[in-house]
Amino acid sequence: MELVDNFGRRINYLRLSVTDRCNLRCRYCMPAEGVEKLSHGDILSYEDLFRIARAAVAIGVEKIRITGGEPLVRKGIVPFLARVAAIPGLRQLVLTTNGVLLPEMAADLRQAGVQRLNISLDSLKPDTFRTITRTGDVERVMAGIAAALAAGFPPPKINMVVMRGLNDDEVVDFARLTLDHPYTVRFIEYMPATREKNWQQFCIPAQEILDRIAAVHELEPVEKGAMAGPSRDFRIRGAAGTIGVISAVSGHFCGECNRIRVTSTGMAKSCLFSDDGLDLKPFLGVEVPALLEDALRRLVGGKPARHGMDAEKAEHTAFSMAKVGG
Ligand code: SAM
Ligand code: SF4
């Protein structure tokens with residue numbers, strides 16, 4: 001079954017957030033004191049999250065990404081993942097993590113049926129990593145990447161949010177990680193989700209990121225796979241891995257957007273930067289799957305053509321990515 005929106009985009013990808021809590025405090029994602037704590041009653045139970053995943057697959061979603069907050073801090077995540085992985089019709093179950101808990105959990109995640117990991121890593125330098133995450137230890141993430149490989153995961157996608165003056169001096173170092181390792185390193189434009197003061201000064205357009213790498217390494221374009229996301233992908237000539245840029249701000253990829261999101265409180269969103277959301281809670285209490293499926297179809301029917309943000313202006317209400325799942 002195909003799920004197509006009013007602009008002809010095929011929607012086959014759900015980002016499902018299982019918690020808004022996190023063991024890091026990345027400065028571009030949340031305030032230093034963390035996000036306001038939600039009570040247990042506000043966060044969806046695993047049963048409800050599973051219903052949403054199943055309904056999404058029933059209407060045409062083929063890929064589910066589990067995200068958060070930090071998904072690995074929620075107790076009981078491994079059995080939940082195993083249930084989602086077994087939903088008939090789901091082609092890909094993937095997970096985004098900051099990697100901190102992977103040393104202990106990678107093998108269980110693999111066994112549960114997670115097919116691929118995206119690991120967020122914004123600096124290879126201990127001090128810069130700590131400045132950005134406010135609390136983190138980069139060695140834990142490096143150990144997490146090693147644990148993922150040892151557990152049999154395919155080489156991870158490593159996502160770096162590039163911020164001028166904070167970590168942009170490491171762009172070429174990150175690209176060079178792909179010379180000897182078959183990783184996919186993706187450079188993500190900093191997005192003004194929290195609308196921090198003078199956010200424009202941190203944004204580096206994807207083209208500038210590419211130009212900096214191309215100034216020292218020859219880049220060749222890479223063909224995209226069928227379920228590939230919105231990144232533009234390249235390989236440094238002769239490298240084992242690939243690099244990609246995600247230009248969420250400077251170059252809208254809205255025309256190719258194939259995703260919907262559901263937060264850990266059950267708010268469904270058809271666009272990250274739209275203030276609109278559809279509360280799925282009323283459709284969860286009743287054991288009539290068709291109601292939930294119809295609600296998700298309505299969400300897709302209202303998906304806007306594009307968001308209204310660019311490198312100079314942002315019109316959305318400030319939010320934490322940890323609440324929406326990135
Ligand atoms: N905690 C997990 C992690 O960090 O990978 C999953 C949730 S996190 C909200 C998902 C993704 O959103 C991460 O790759 C993070 O870097 C990205 N993100 C958060 N805030 C962002 C921002 N302001 N601009 C760009 N990416 C952002
Ligand atoms: Fe936590 Fe991920 Fe947000 Fe960083 S980006 S604070 S790791 S949820």
Side-chain angles (χ1 to χ4, degrees), residues 15-36 38 64-74 77 94-102 105 109 114 116-123 129-138 140-141 144-145 148 156-164 166-168 174 184-206 209 229-231 244-250 253 259 261-264 269 272-273 307 309 311 314 316 318-326:
R15 293 180 69 101
L16 184 59
S17 173
V18 295
T19 180
D20 61 349
R21 299 199 179 175
C22 189
N23 45 5
L24 296 181
R25 296 276 179 275
C26 301
R27 50 169 295 160
Y28 50 72
C29 179
M30 59 167 76
E33 63 279 11
V35 288
E36 182 194 331
L38 293 167
I64 295 182
R65 175 174 305 284
I66 303 298
T67 177
E70 173 49 41
L72 301 188
V73 301
R74 182 157 176 185
I77 186 73
V94 293
L95 181 136
T96 296
T97 171
N98 59 31
V100 170
L101 291 173
L102 282 179
M105 297 181 70
L109 296 174
V114 176
R116 186 165 187 152
L117 298 174
N118 282 11
I119 301 177
S120 303
L121 175 63
D122 299 324
S123 176
F129 186 82
R130 181 163 286 266
T131 302
I132 295 173
T133 60
R134 296 193 181 104
T135 57
D137 173 5
V138 68
R140 286 286 304 177
V141 186
I145 293 172
K157 286 188 181 164
I158 296 178
N159 289 336
M160 176 199 198
V161 177
V162 185
M163 286 159 290
R164 199 182 298 283
L166 270 174
N167 61 353
D168 60 318
F174 267 77
T184 302
V185 170
R186 296 193 310 175
F187 301 97
I188 302 177
E189 287 180 351
Y190 160 77
M191 293 179 256
T194 58
R195 298 188 63 170
E196 64 184 303
K197 235 170 141 218
N198 301 327
W199 57 265
Q200 289 88 345
Q201 76 192 36
F202 295 115
C203 294
I204 304 196
I209 296 169
S231 64
V245 285
I246 303 187
S247 48
V249 181
S250 71
F253 45 77
R259 58 192 64 186
R261 296 175 161 80
V262 177
T263 71
S264 56
K269 282 177 81 84
L272 180 58
F273 288 98
H307 64 65
M309 185 185 62
H316 61 275
F319 66 95
S320 163
M321 285 282 193
K323 287 197 177 255
V324 185

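All residue numbers refer to positions in the sequence shown, counting from 1. Order of listing sets the numbers, starting from 1, for every ligand and every atom in it.
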Which atom pairs, nitrogen or oxygen on both sides, join ligand 1 and the protein at under 3.5 angstrom?
from: ligand 1; atom 1: 1 (N); to: Gly69; atom 2: O; distance (Å): 3.0
from: ligand 1; atom 1: 1 (N); to: Glu70; atom 2: OE1; distance (Å): 3.2
from: ligand 1; atom 1: 4 (O); to: Ser120; atom 2: OG; distance (Å): 3.4
from: ligand 1; atom 1: 5 (O); to: Thr97; atom 2: O; distance (Å): 3.3
from: ligand 1; atom 1: 5 (O); to: Ser120; atom 2: OG; distance (Å): 2.5
from: ligand 1; atom 1: 14 (O); to: Ser120; atom 2: OG; distance (Å): 2.8
from: ligand 1; atom 1: 16 (O); to: Tyr28; atom 2: OH; distance (Å): 3.2
from: ligand 1; atom 1: 23 (N); to: Tyr28; atom 2: O; distance (Å): 3.0
from: ligand 1; atom 1: 23 (N); to: Met191; atom 2: O; distance (Å): 2.7
from: ligand 1; atom 1: 24 (N); to: Met191; atom 2: N; distance (Å): 2.9

Is there a side chain to side chain donor-acceptor pair (under 3.5 Å) between Asn23 and Glu70 once you walk through the steps?
CA-CA 7 Å; Asn23 45 5; Glu70 173 49 41; 5.6 Å; no
Measuring from Leu109:CG to Leu101:CG, what's the distance to the nearest 0.5 Å?
9.5 Å
CG-OG1 distance between Leu72 and Thr96, expressed to the nearest 0.5 angstrom
10.0 Å
With sequence neighbours excluded, tell me which residues meet salt bridge (charged side-chain N to carboxylate O under 4.0 Å, His left out) with Arg140.
Glu104
Please find the pair of heavy atoms, one from [X] and one from [Y], that lie closest to each other, and give the distance.
X      : Y      : answer
Arg25  : Met30  : CD-SD, 3.7 Å
Asn118 : Asn159 : ND2-ND2, 3.7 Å
Cys22  : Asn98  : SG-ND2, 3.8 Å

Is any side-chain heavy atom of Asp122 less than 4.5 Å from a side-chain heavy atom of Leu166?
no
Which residues pass the ring-ring contact (aromatic ring centres under 6.0 Å, His included) test with Tyr190, not counting sequence neighbours?
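Applying ring-ring contact (aromatic ring centres under 6.0 Å, His included) to Tyr190 gives Phe202.
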Everything protein-side that's N, O or S and under 2.8 Å from atom 1 (Fe) of ligand 2: list it, residue and atom.
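You should have found Cys22 SG.
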